[in-house]
Amino acid sequence: MTTPEIDEALSALARCSAVLLKESQAEQQRMEGLNELNESGMQQHANGQGSQYDAEYTLLSVRLGLAIRCAKAHRDAAHEFVCWWVDTAVTAWKSAVHGTPMPYARLGAAAPDTLMLEDDLAVLPGVDEQTRKLLELGSFLGAPQPGAVPGNGDDLATMITDLAARSGLSIRWNDTGAIEVVDNDDPEARRRRLCADYAQAVTESLPDMRAQWNDHGDPGGAH
C-alpha cells in the first residue's frame, strides 16, 4: 500500500469507529433508561402496587432484556472495529519505521465480520509449533471432538478446546479420518493470532527495555 492509501484507510477506520462508538453510547443510554424504569416498577410491586402479571410491566422487562443484549452487541462491535483501527495503525507505523511495504491483504487481518481470501491469509502470524504439538497430543489422547466449543470445565477436552480457541486454531477431521490441528480463518481467530503475536513482540522487547532503563537510570528515583 502507498502512503496515501494507508492514510485514506486509517481515516476511514477512524470515521467508522466513531460512528459505532456513538451508536454504542446511544444504546447504552437507552438501556440505562429502561433499567431505571424497570427498577421503579419493581419497587412498586414490592410496595404492593400493581399486578404481578401486568402486561405493561412485563413489556418493560422484555424491552430491557432486548436493550441489554443490543447494548452489548453494539459495544462488542465497536470494540472490534476500534481494534481493527489500532491494528492497522500499528502495522502502518511498523511499516514506516522499518521501511517495509504494507501489503493490502494485511489491512483485512483484524477486520470484523469479514472473511479473507485464502491467499491473503498468508499475512497472518503463525502459531508456535509447541502449541500445535500440545493440541495434537491432546487430540491424540481422545479430547476434544472436532467442532467442540470452548467451555468452563476443567477436563482435558475443555482445556484443549479453550487452548485451540485462544490460539486461533481449529481441530477437525481430515480426508483420511484423522484429527488435525489447522489455522482458523474466522475474524475472532485471526484477532487471537494477532494478539498473541503482539504479546510475543512485547515479551521479546522487554530485555532491551530493561537495558535502556538501566542505562538511563530510574527517573523516578533521581530526587
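As a basis for the values below, the full set of heavy atoms in this structure was taken, side chains included, without hydrogen atoms, waters or symmetry mates. Numbers for residues simply follow the sequence, beginning at 1. Model, not experiment: these values are computed from the prediction.
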Between the side chains of [Y] and [X], is the shortest nitrogen-to-carboxylate-oxygen separation below 4.0 Å, so that they form an ion pair?
{"X": "Arg191", "Y": "Glu80", "result": "yes"}
{"X": "Lys72", "Y": "Asp76", "result": "yes"}
{"X": "Arg193", "Y": "Asp183", "result": "yes"}

So, the side chain of [X] versus the backbone of [Y]: is there a donor-acceptor pair under 3.5 Å, distance only?
{"X": "Thr91", "Y": "Ala89", "result": "no"}
{"X": "Ser40", "Y": "Glu36", "result": "no"}
{"X": "Arg106", "Y": "Val123", "result": "no"}
{"X": "Ser95", "Y": "Thr100", "result": "yes"}
{"X": "Arg75", "Y": "Cys70", "result": "no"}

Can you tell me how far [atom2] of [Y] sits from [atom1] of [X], rounded to the nearest 0.5 angstrom?
{"X": "Gln43", "Y": "Asn38", "atom1": "CD", "atom2": "CG", "answer": "12.0 Å"}
{"X": "Asp185", "Y": "Leu117", "atom1": "CG", "atom2": "CG", "answer": "10.5 Å"}
{"X": "Leu163", "Y": "Arg132", "atom1": "CG", "atom2": "CZ", "answer": "11.5 Å"}
{"X": "Ser17", "Y": "His79", "atom1": "OG", "atom2": "NE2", "answer": "11.0 Å"}
{"X": "Leu34", "Y": "Ile68", "atom1": "CG", "atom2": "CD1", "answer": "9.0 Å"}

So [Y] and [X], do their side chains get closer than 4.5 Å, heavy atoms only?
{"X": "Tyr104", "Y": "Asp120", "answer": "no"}
{"X": "Arg190", "Y": "Asp186", "answer": "no"}
{"X": "Lys133", "Y": "Gln130", "answer": "no"}
{"X": "Val182", "Y": "Leu169", "answer": "no"}
{"X": "Arg166", "Y": "Asp162", "answer": "yes"}
{"X": "Val181", "Y": "Ser170", "answer": "no"}

Original post:
Taking Leu60 as the fixed residue, which of Asn35, Leu37, Asp54 is the one that meets the side-chain contact (heavy atoms from CB on, under 4.5 Å) rule?
Top reply: Leu37
Which heavy-atom pair separates [X] from [Y] by the least distance, and what is that distance?
{"X": "Ser167", "Y": "Thr131", "result": "OG-CG2, 3.4 Å"}
{"X": "Trp84", "Y": "Pro112", "result": "CE3-CD, 3.5 Å"}
{"X": "Glu5", "Y": "Met1", "result": "OE1-CA, 3.3 Å"}
{"X": "Leu121", "Y": "Met116", "result": "CD2-CB, 3.7 Å"}
{"X": "Phe81", "Y": "Cys16", "result": "CE2-CB, 3.3 Å"}
{"X": "Pro187", "Y": "Ala111", "result": "CB-O, 3.8 Å"}

Original post:
Does CD in Glu8 sit with more than 12 non-hydrogen atoms of other residues, nucleotides or ligands closer than 6.0 Å?
Top reply: no
**OP:** Report, as yes or no, whether the 6.0 Å neighbourhood of atom CZ on Arg63 holds more than 12 heavy atoms from other residues, nucleotides or ligands.
**Re:** no
Applying a strict under-4.5 Å side-chain criterion to I, L, V, M, F, W and Y, I'd like to know whether [X] and [Y] cluster together.
{"X": "Leu10", "Y": "Met102", "value": "yes"}
{"X": "Leu107", "Y": "Leu115", "value": "no"}
{"X": "Val127", "Y": "Leu137", "value": "yes"}

**OP:** Go through the steps to decide whether Glu188 and Arg192 satisfy the test salt bridge (charged side-chain N to carboxylate O under 4.0 Å, His left out), and finish with yes or no.
**Re:** CA-CA 6 Å; Glu188 177 60 24; Arg192 298 277 187 168; 3.0 Å; yes
Original post:
Is there a side chain to side chain donor-acceptor pair (under 3.5 Å) between Glu32 and Gln28 once you walk through the steps?
Top reply: CA-CA 6 Å; Glu32 292 173 354; Gln28 180 69 23; 3.2 Å; yes
